[in-house]
J.: 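Provided herewith is a single structure, encoded as structure tokens, for subsequent inquiry.
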2 protein chains.
Amino acid sequence: MPWEKSFDEESALEKAMQVFWEKGFESASIADLLAGMGLNRGSLYNAFGGKQPLFVKALLKYDQERQTLLAKLEALDNPKKAIATFFDTIVALTVADQDHKGCFLINTALEIATHDEQVNKIVRNGLREIEAFFRRGIEVGQARGDMPKKFDPEATAKALLALIVAIRVLGRGVFAEAALRTIADEAKRLIS
Amino acid sequence: MPWEKSFDEESALEKAMQVFWEKGFESASIADLLAGMGLNRGSLYNAFGGKQPLFVKALLKYDQERQTLLAKLEALDNPKKAIATFFDTIVALTVADQDHKGCFLINTALEIATHDEQVNKIVRNGLREIEAFFRRGIEVGQARGDMPKKFDPEATAKALLALIVAIRVLGRGVFAEAALRTIADEAKRLIS
DNA sequence: AATTATGTTGACCGATCGTTATAAACAAGG
DNA sequence: CCTTGTTTATAACGATCGGTCAACATAATT
């Protein structure tokens, strides 16, 4: 094996993720990706195999970041605060996102997850892990007396996931900051 | 003016709506639309003006059906039951929808509403009217004593809209029937 | 220095995109 | 019958799509 690549594969993937995130799978053309990633056709196909494999890698990278965020929150060892912070973070991210890209996972769920089993699996797994994060938090919170035991962890976790999904969807041009905060507050009310 | 059209414009629009609903704006090709609507190129451009105008008409038609459903529920004059029935209906529709088309309005919100102001307006208005339906129901329900007055109509209406949106999104391949019903039950719990 | 293996480059492919144009078939009013 | 306005059917438009490929450049190996 003669030598190394001339471009940084990881940062190129990062750029590709941004393009797919902003435009979606269908609307992101190879030309868009090449421009965003700063490389030419051959290199893209050589390094990533094509549009679909590149998309999967980009989606996995995004999911990795999701995983990192959740792990960091869970390490707080204060479930109620961790869940509240998660909602605040999502609202802040959504509001700061000037071009209304929303959540890459959720966007993908609606665009092509229906038609591609591999992609569907990644999306479903990611959302299920968010739900599991909520459920574990509620169970621990209830056990420690931080949260009332009058509600069911399973059902409440699903409701919280639903609210997160909705914040991400409605944040894309339907609701403004105040309304998104209202939903987040309702989420906190659910576990109080 | 010699004579009438040879095809039923309304039923053709209905078919177009189905195609756009199932495939989305970008992925629905003119060929798909022609096949679905049962007419040829010239007629489509003559009668509807092109792909984008046709999409807007189809979206408006869908929104009309949304409007009709809400009006029918509101005519029940039993807000709590109307809201519960709305959630049950949405869950039933979502579960019965074998090809996971979801809600045309919400799908559109994520696909092109960001880039087209006219479409964005239709989507935003439709969702706002659902929220208003919830708010009016809660206000009337609280006034009549059907619902406790401990929660804020404005905030709760937004939360209910969020749950509806999430049911429609998660119903597209992420959650199965049981989980969707759980979310609907949480919605009912919000107004109990 | 020659060879070999890999990455880069940009032209090129057939297919499909949305749209327009053209010409024939057709049915009403004059 | 002839005009008029519409529907059909088909061809063709330029643009863009994702993907391929042969020529070239480069660096390690021989």
Side-chain angles (χ1 to χ4, degrees), chain A residues 1-59 107-108 111-119, chain B residues 1-59 107-108 111-119:
Chain A
M1 303 89 206
W3 78 105
E4 75 203 44
K5 286 204 174 67
S6 73
F7 61 92
D8 179 8
E9 193 154 332
E10 201 57 34
S11 83
L13 183 56
E14 165 77 25
K15 303 293 188 65
M17 185 186 84
Q18 294 288 340
V19 175
F20 276 131
W21 188 358
E22 182 184 337
K23 305 204 170 195
F25 177 79
E26 298 270 6
S27 288
S29 70
I30 299 287
D32 292 331
L33 292 164
L34 296 181
M37 300 167 76
L39 41 82
N40 52 43
R41 278 183 126 75
S43 299
L44 188 150
Y45 280 88
N46 181 28
F48 300 102
K51 191 183 184 182
Q52 164 107 6
L54 176 58
F55 181 84
V56 171
K57 288 186 178 72
L59 188 61
N107 298 351
T108 302
E111 189 186 1
I112 58 167
T114 312
H115 308 306
D116 185 310
E117 194 47 46
Q118 183 186 11
V119 171
Chain B
M1 303 89 207
W3 79 105
E4 73 203 44
K5 288 206 171 67
S6 73
F7 60 91
D8 180 5
E9 194 153 331
E10 201 57 35
S11 84
L13 183 57
E14 165 77 26
K15 303 291 186 67
M17 185 186 84
Q18 294 287 340
V19 174
F20 276 130
W21 188 359
E22 183 184 339
K23 306 204 169 194
F25 177 78
E26 298 271 5
S27 289
S29 70
I30 298 287
D32 291 331
L33 292 163
L34 296 181
M37 300 167 75
L39 40 82
N40 53 39
R41 282 182 127 76
S43 300
L44 188 150
Y45 279 89
N46 182 28
F48 300 102
K51 190 184 184 181
Q52 163 108 5
L54 175 59
F55 181 83
V56 171
K57 289 186 179 71
L59 188 59
N107 298 350
T108 302
E111 188 186 4
I112 60 168
T114 311
H115 308 307
D116 185 310
E117 195 46 48
Q118 183 186 12
V119 170

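Since the model is a prediction, treat every value here as computed from it, not as a measurement. Each chain gets a letter, A, B and so on, in the order its sequence line appears, and its residues count up from 1. When reading the values below, keep in mind they use all heavy atoms of this one structure, side chains included, and skip hydrogens, waters and symmetry mates.
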J.: What string of B, S and - do you get for nucleotides 16-22 of chain C 5' to 3' if you count protein non-hydrogen atoms under 4.0 Å?
T.: -SBBB--

J.: Apply side chain to side chain donor-acceptor pair (under 3.5 Å) to residues E111(A) and N107(B) and explain how you reach the verdict.
T.: CA-CA 8 Å; E111(A) 189 186 1; N107(B) 298 350; over 6 Å; no

J.: Mind telling me whether F25(B) and F20(B) have parallel, tilted or perpendicular rings, with 30° and 60° as the class edges?
T.: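 Ring orientation of F20(B) relative to F25(B): parallel.
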
J.: I need the CZ-P distance between F48(B) and dT7(D), as an integer number of Å.
T.: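 Answer to the nearest Å: 11 Å.
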
J.: Examine dG7(C): is either OP1 or OP2 under 4.0 Å from a nitrogen or oxygen in the side chain of S43(A)? Give yes or no.
T.: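 Result: no.
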
J.: Could you state the atom-to-atom distance from CG of N46(A) to P of dA22(D) in whole Å?
T.: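 To the nearest whole Å, that distance equals 15 Å.
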
J.: I need the CG-P distance between L33(A) and dT16(D), as an integer number of Å.
T.: 16 Å

J.: Are the side chain of K51(A) and the backbone N or O of A28(A) linked by a donor-acceptor pair below 3.5 Å?
T.: yes

J.: Can you confirm whether the side chains of N46(B) and S43(B) place a donor and an acceptor under 3.5 Å from each other?
T.: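 N46(B) vs S43(B): no donor-acceptor pair found between side chains.
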
J.: If I take atom CZ in residue F20(A) and atom C1' in nucleotide dG18(D), what distance separates them, rounded to the nearest angstrom?
T.: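 Taking CZ of F20(A) and C1' of dG18(D), I get 11 Å after rounding.
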
J.: Nearest whole angstrom, please: distance from the C1' of dT6(C) to the CD of E9(A).
T.: 14 Å

J.: Please evaluate residues W21(A) and Q18(A) with respect to the criterion side-chain contact (heavy atoms from CB on, under 4.5 Å), reporting the C-alpha separation (whole Å), side-chain torsions for both, the decisive distance (0.1 Å), and the verdict.
T.: CA-CA 5 Å; W21(A) 188 358; Q18(A) 294 288 340; 4.2 Å; yes

J.: From L33(B) CG over to F48(B) CZ, what is the distance, rounded to the nearest 0.5 angstrom?
T.: 10.0 Å

J.: Within this structure, what is the CG-to-P distance between N40(A) and dA23(D), rounded to whole angstrom?
T.: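 The distance from CG of N40(A) to P of dA23(D) comes to 18 Å, rounded to the nearest Å.
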
